[in-house]
Amino acid sequence: MMPKDHSLESRARIEKDCQGKSCRVICDQDLLALADILNIPLHQMYLQSMEKGILPLRYLRNMPSITLKEQIILQTSQVAVVGAGGLGGRIIEGLSRLGVGTLHIFDPDLFDETNLNRQIFADQNTLGTPKVEVMQECCRLINPAVRITAHRIAVKDQNQDALFADVQVIVDALDTPGDRLTLAAIAGKCRLPLVHGTVAGFGGRVMVIHPLDGRMEMLYGGQEDACSAEHQLGTPVLSPALIASFQMMAVLNLLLGKNQATDNRMIYADMEKPSLDLFEL
Amino acid sequence: MGNVLFNAFSFLQKKLKAQDIPCVNAVLDLKDGQRVKDILDGLGITPQDIEGVFVNGKIAPLDTPLHDGDRIAALPPGTPGPYRLLLGLVSSPDKKSDKKKDPIKIEIRLFASLAPYANHGDMDSDGCLSFKAPATIRDAIQRLGVPEQEIKLVFLNGVGASLDSSLKDRDRVGIFPPIGGG
């Protein structure tokens, strides 16, 4: 029997967070049912619930590192991820689990066998399928509160800035210097922060590039035909998994305006030594 | 007439001390027209005993004429190269101008595909490289054989720098190739 009370409150229950503090939570199943009954878009249903102080159960283990107030900010945020390879796939998956309300994802490629060593969602069944479509489908199952717009295109033209009109942060998960420079120009045009990440061997780098600060040019300017480290060292799964996490942290900091939101330093992590260093560029 | 200051170094010092010949900051009489060889003869040091002589901090021939206040230093044959160089730096403490800088020791880290260049024999086990004369980052990477075209980013003490940046003792250098994987 369907309960007659179609309020969020009637479906909420009390749970304790990991600090033992009581909070009201609600299951995905109830949110899906209510959205359907009340004819409210799913992402709106999640937002309404959180605004009433009722936390979707799926976010309980985020507390208190990500507070209810911060989950609300994330639910109303829009992020673009350009490139859905080793880095991009993990970032798209992670931002979906974190509950970033809207993701715009860009990649023209299909999964192929050389992706199987590192790219999440690359498997026997998805080979030959467009990456962004696979990810849209998989992430819908991971978190139905997240709207994903899949763009099966390359971002190669500075005039593609309209695609980023509604976002607050752009993530650079590309793998060619020229495209990264173009993306930095677009981010500059849109006045948006760009979370750059790249990997080679068992290490990689993360850096937030601010509009027109010229630092992408420092990283890639005049280097179009130089032999890049990843061509000599490869890209085993460890480094994209690590660097994607650092990129997601930078996205969180930018969206929530906390921690090193204004820290421009380049992080370089080497898992082999291991070492982690910060550099000012 | 005047004086010269005489020093012997390394195992020559030991040998002369054993013979009671003054050889550590010894003040010797100088007669007009005397040359380096005359002073050594006067002390009973034969040319076979020495490989090189410094006059006022510079290597000099045995027939160099001497003047009041000159400083003479003698090295025995077979002094190992680095010591020979270091001994050349020794001078009277009251003359600062003659005192050369201490060796510069820097930490240099080569990242990603450049890491194998750190296996160079000149590198210490703790990843440091030493210079006896003023040096730049370019000197450091040339010494390690890193091709300049493989370098994209250069950091000095954690801050972006150029290959022309001068090095001082205890500087930390970081060198990156282009990295673009995703």
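Naming: A, B, ... by sequence-line order, numbering from 1 per chain.
- Interface check for chain B: of the options L233(A), L278(A), T176(A), the most heavy-atom pairs under 4.5 Å are formed by L233(A).
- Proximity to chain A (any heavy atom under 4.5 Å) is restricted, for L153(B), to the side chain, taken from C-beta onward.
- Note on G181(B), A115(B), S113(B), A112(B): by heavy-atom pairs under 4.5 Å with chain A, the leading option is G181(B).
- If you look at F111(B) and Y268(A), their ring centroids are closer than 6.0 Å.
- The candidate from L174(A), D270(A), D277(A), T235(A) with the greatest count of non-hydrogen atom pairs under 4.5 Å with chain B is D277(A).
- Contacts between residues 160-175 of chain B and chain A, defined by a heavy-atom separation under 4.5 Å, are made by G160(B).
- Using a 4.0 Å cut-off between charged side-chain N and carboxylate O, E137(A) and R140(A) make a salt bridge.
- Neither the backbone nor the side chain of R265(A) comes within contact range of chain B; no heavy atom of the residue lies under 4.5 Å from a heavy atom of that chain.
- Look at D49(B) and K15(B) and you find a salt bridge, because one of the NZ, NE, NH1 or NH2 atoms lies within 4.0 Å of a carboxylate O, short of that distance.
- Using a 4.0 Å cut-off between a side-chain N of Lys or Arg and a carboxylate O of Asp or Glu, D175(A) and R180(A) do not qualify as a salt bridge.
- Between the side chains of D213(A) and N264(A), no donor-acceptor pair is found at a separation under 3.5 Å.
- Using a cutoff of 4.0 Å between basic side-chain nitrogens and carboxylate oxygens, D63(B) and R35(B) are not scored as salt-bridged.
- Listed by chain and number, the residues in a ring-ring contact (aromatic ring centres under 6.0 Å, His included) with H151(A) are F106(A) (sequence neighbours excluded).
- Within 6.0 Å of NZ on K37(B) lie no more than 12 heavy atoms contributed by other residues, nucleotides or ligands.
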